[in-house]
Number of protein chains: 2
Amino acid sequence: MPAKRSKQSDTLRAAQMYYLQDQTMDAIARELRTSRSTVSRLLSAARDSGLVQVQIKTPADLAPELERVIRRRYKVDVHVVPVADTLNEMDVLDRVSMQAARTITPLVDSNAVIGVAWGSTLSAVSRHLTRKTTHGTTIVQLNGAGNTQTSGITYASEIIRRFGTAYGAKVEQFPVPAFFDRAETKRLMWEERSVQRILELQSRVTIAIFGVGSIDAEVPSHVYTGGYLDSTDIDDLEASGVAGDVATVFFRDDGSDEGIMLNERSSGPSLASLRKIRRRICVVSGAKKIKGLRGALAAGLATELILDETTARELVEQESAQSDPIFGFLNSLDGL
Amino acid sequence: MPAKRSKQSDTLRAAQMYYLQDQTMDAIARELRTSRSTVSRLLSAARDSGLVQVQIKTPADLAPELERVIRRRYKVDVHVVPVADTLNEMDVLDRVSMQAARTITPLVDSNAVIGVAWGSTLSAVSRHLTRKTTHGTTIVQLNGAGNTQTSGITYASEIIRRFGTAYGAKVEQFPVPAFFDRAETKRLMWEERSVQRILELQSRVTIAIFGVGSIDAEVPSHVYTGGYLDSTDIDDLEASGVAGDVATVFFRDDGSDEGIMLNERSSGPSLASLRKIRRRICVVSGAKKIKGLRGALAAGLATELILDETTARELVEQESAQSDPIFGFLNSLDGL
DNA sequence: GACCTTTCTGCACGTTTGTGCATGCTGGTT
DNA sequence: AACCAGCATGCACAAACGTGCAGAAAGGTC
């Protein structure tokens with residue numbers, strides 16, 4: 001004599017029977033007096049409503065060598081996403097972003113303020129987020145997305161909207177261009193009360209999530225192709241020896257950002273203010289981003305790094321060959 | 001170029017690809033250059049080695065009415081295990097114990113001291129435990145298991161051994177009879193250093209896990225049938241109005257235990273010392289145990305209660321009909 | 001090295017699960 | 001009342017999965 005038959009309670013019941021009691025969907029269907037197909041659908045609803053949570057905990061002694069090396073060298077909490085190195089860029093992005101989404105969700109608490117950048121990586125991540133009910137959470141856009149051609153705003157707003165839906169959070173867009181034409185305009189805008197409100201929110205971000213742009217990426221980041229920059233700007237970047245960007249703020253190989261003029265006109269948070277955020281999650285997919293990634297790591301922008309195995313391997317090999325004799329030793333020692 | 005091919009790393013990799021990236025086993029097999037069957041086996045190894053953890057979090061507002069009522073009335077953290085009310089006792093026990101095992105495991109931390117009783121319920125639970133690596137954990141037997149006929153010790157030791165294996169813990173048996181023939185003997189034994197050591201451990205238990213015995217259970221608890229008690233003892237219990245027991249310590253309907261002579265000869269912890277333990281998990285399966293359960297709840301022996309739905313329903317209905325007009329009101333109010 | 005025991009692997013088969021599609025239901029609009 | 005849009009349901013089929021079994025590999029023991 002089951003009490004009431006709301007869909008919600010059926011879902012919970014099905015989930016318990018399936019995941020906690022190892023019943024087959026068939027058996028559950030009989031008990032719920034419905035069809036097996038419905039149970040299958042209930043269960044997938046339970047999964048992506050966050051009712052069922054699957055976690056994989058990696059005992060440190062079992063983590064792949066690659067993770068240990070990166071963690072030790074860059075002092076970041078790293079998650080290497082296993083991928084076959086025959087996969088094409090798009091499939092890799094898909095896998096990395098899916099795993100990233102599932103890795104990020106457990107980190108989100110109630111009352112978090114989550115700063116989100118935009119770009120193809122973040123867009124992919126946002127598509128795979130699983131729901132989690134939280135209270136008082138806010139999503140805030142880290143950098144503007146307007147450009148000279150299409151607005152770009154729908155693109156960025158779509159990303160943060162998905163984050164908002166997944167966590168039941170309030171979302172705050174940042175309705176300014178990605179880059180101002182004149183630094184003076186930016187300075188004035190930054191005095192506006194509406195902008196100040198967002199800046200204030202940004203200063204209270206507890207979790208930042210971003211990808212990296214790399215100047216040499218074969219699949220170039222949106223920033224470099226989306227009409228945000230003109231050819232003068234790009235020449236300027238190359239002249240300054242820029243390696244990549246995070247949230248439309250640029251830096252060099254060694255992590256420095258002094259004297260990069262374009263940053264004066266960028267709407268993104270300065271590297272210094274980014275570094276003040278407690279948790280800074282960087283998602284990277286594709287070995288073509290390695291240059292930007294190295295710069296970002298040198299700048300200490302990330303506290304956690306989620307990246308695909310191929311890129312991870314390249315990151316370790318490049319550096320160990322070049323500039324890190326000690327690592328070369330460890331490397332052979334650990335039989336990497 | 002996968003680095004090394006240990007079984008461990010394959011397991012981790014497979015788990016990540018399956019649970020975090022939604023790959024099929026077939027695809028994983030190709031990448032790992034093995035057969036799909038092997039992957040299937042790797043994944044089930046990952047599950048029951050505790051590498052993959054599946055949790056179901058029940059938002060309070062979604063918990064079934066039954067749970068809310070019990071929680072409020074008895075001030076215990078309750079988990080009602082959904083079961084069809086047509087199931088036979090054995091199947092119910094199987095489901096309850098499986099879900100109990102999976103509910104308990106996440107509560108176990110490193111350095112916990114876990115006190116475990118014995119009985120058919122605990123035996124079933126122990127068979128379904130999933131592995132979890134912890135450090136410095138100790139399992140200690142709460143009450144003796146020797147009796148006048150068979151030793152009973154293998155039975156009890158099997159249970160705590162399973163707990164030990166699951167959590168990688170040290171196990172401490174309690175090699176005394178369940179009941180002494182003479183209270184005097186017990187007093188003397190309690191002075192023995194070997195016994196004192198166990199008693200000291202018991203006083204430091206952080207999580208106790210036990211079932212309940214009920215005097216009217218149709219499937220009688222081991223205690224009442226296993227040759228632990230003779231007919232005089234049983235007459236004595238009935239004369240004292242005993243409702244049931246926890247770890248071979250008896251109590252009445254109302255939770256009182258004063259003047260129950262048999263307890264003087266029992267090897268189990270007194271109700272008072274049991275109540276000092278922080279977490280006290282009580283697992284109950286089968287409506288026939290309801291009398292004992294009510295006594296145990298009245299005595300405040302449990303902080304968490306895991307029981308099947310049928311029993312839960314009966315628990316709520318009986319009491320509300322009899323002795324709890326206020327609850328009758330709440331009950332109709334909440335539309336139970 | 002020969003022998004035995006134990007564990008691992010892939011195959012083949014039956015079972016279990018996901019999903020496109022047709023149908024039916026519900027609530028809102030005219 | 002008639003209509004429609006949107007959603008939930010069950011069916012049927014294909015895909016994905018678990019497992020007994022037999023042979024292969026690994027690890028001891030003499």
Side-chain angles (χ1 to χ4, degrees), chain A residues 2-54 56 62 82 84 87 91 94-95 98-99 101-102 127-128 130-131 165, chain B residues 2-54 56 62 82 84 87 91 94-95 98-99 101-102 127-128 130-131 165:
Chain A
K4 202 161 29 179
R5 297 299 306 281
S6 81
K7 173 159 183 186
Q8 292 254 309
S9 72
D10 274 4
T11 306
L12 177 61
R13 210 184 163 90
Q16 290 183 103
M17 293 203 277
Y18 190 81
Y19 289 103
L20 262 23
Q21 300 177 17
D22 288 353
Q23 302 287 304
T24 72
M25 295 187 182
D26 217 7
I28 299 172
R30 277 196 299 278
E31 189 165 326
L32 260 41
R33 281 164 232 275
T34 179
S35 73
R36 199 185 46 69
S37 347
T38 301
V39 174
S40 169
R41 284 187 264 254
L42 284 180
L43 288 174
S44 73
R47 276 189 303 268
D48 49 47
S49 71
L51 214 138
V52 173
Q53 303 188 345
V54 179
I56 295 190
L62 204 146
L87 250 43
D91 288 339
D94 216 51
R95 309 266 208 106
M98 193 178 299
Q99 188 161 338
R102 295 183 184 180
R127 267 192 300 272
H128 293 297
T130 54
R131 220 169 256 284
T165 317
Chain B
K4 202 163 26 180
R5 298 298 305 281
S6 83
K7 173 159 182 186
Q8 294 252 309
S9 72
D10 274 5
T11 305
L12 178 59
R13 213 184 160 89
Q16 290 182 105
M17 293 204 277
Y18 191 81
Y19 289 104
L20 264 21
Q21 297 177 18
D22 289 352
Q23 300 290 302
T24 72
M25 295 187 183
D26 219 5
I28 299 172
R30 276 196 299 278
E31 190 166 325
L32 259 40
R33 281 164 231 274
T34 181
S35 72
R36 199 182 47 68
S37 350
T38 300
V39 174
S40 168
R41 284 187 266 255
L42 284 180
L43 289 174
S44 71
R47 276 190 303 268
D48 49 46
S49 71
L51 213 136
V52 173
Q53 303 187 344
V54 179
I56 295 191
L62 204 147
L87 248 43
D91 288 340
D94 216 52
R95 310 266 207 104
M98 193 178 299
Q99 188 160 339
R102 295 182 184 182
R127 267 194 299 273
H128 293 297
T130 54
R131 220 169 255 286
T165 319

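Numbers restart at 1 for each chain; the letters A, B, ... are given by sequence-line order, proteins then strands.
Looking at A:Arg95 and B:Met17, their side chains come closer than 4.5 Å, going by heavy atoms from C-beta outward.
B:Tyr18 has no side-chain polar atom (N or O) that falls below the 4.0 Å cut-off from OP1 or OP2 of D:dA16. Contact annotation: B:Thr24 does not reach the phosphate of D:dA15 (side-chain N/O to OP1 or OP2, under 4.0 Å). Note on B:Thr38: every side-chain N or O is 4.0 Å or more away from OP1 and OP2 of C:dT9.
To the nearest angstrom, C1' of D:dA16 lies 16 Å from CE of B:Met17. To the nearest angstrom, P of D:dC17 lies 14 Å from CG of B:Leu42. With rounding to whole Å, A:Met25 atom CE is found 12 Å from C:dT19 atom C1'. The distance between atom CZ of B:Arg33 and atom P of C:dT9, rounded to the nearest whole Å, is 16 Å. In this structure, A:Asp22 atom CG and D:dG18 atom P are separated by 11 Å, rounded to whole Å. Protein atom CZ of B:Arg47 is 10 Å distant from nucleotide atom C1' of D:dG18, rounded to whole Å. For B:Leu43 and D:dC17, the CG to C1' distance is 10 Å, given to the nearest whole Å. Protein atom CG of A:Asp26 is 13 Å distant from nucleotide atom P of D:dG10, rounded to whole Å.
At the heavy-atom level, B:Ser40 lies under 4.0 Å from base atoms of the strands shown. Using a 4.0 Å heavy-atom distance criterion, B:Ser35 is classed as a base contact.
The minimum heavy-atom distance between A:Tyr19 and B:Arg102, with the atom names listed, is O-NH1, 2.7 Å. Pairing each heavy atom of B:Ala15 with each of B:Val52, the nearest pair is CB-CG2, 3.9 Å.
Across C:dT17, C:dC11, D:dC11, the shortest atom-to-atom separation from the side chain of A:Arg36 is found for C:dT17. Distance from the side chain of A:Ser37 is smallest for C:dT19 among the nucleotides D:dC17, C:dT19, C:dT17. Side-chain proximity of B:Arg41 to the nucleotides C:dT16, D:dG18, C:dC11 is greatest for C:dC11.
Of the possible donor and acceptor atoms, one in the side chain of B:Gln21 sits under 3.5 Å from a partner among the backbone N and O of A:Pro82. Looking at B:Glu31, its side chain does come within 3.5 Å of a backbone N or O of A:Ala84 through a donor-acceptor pair.
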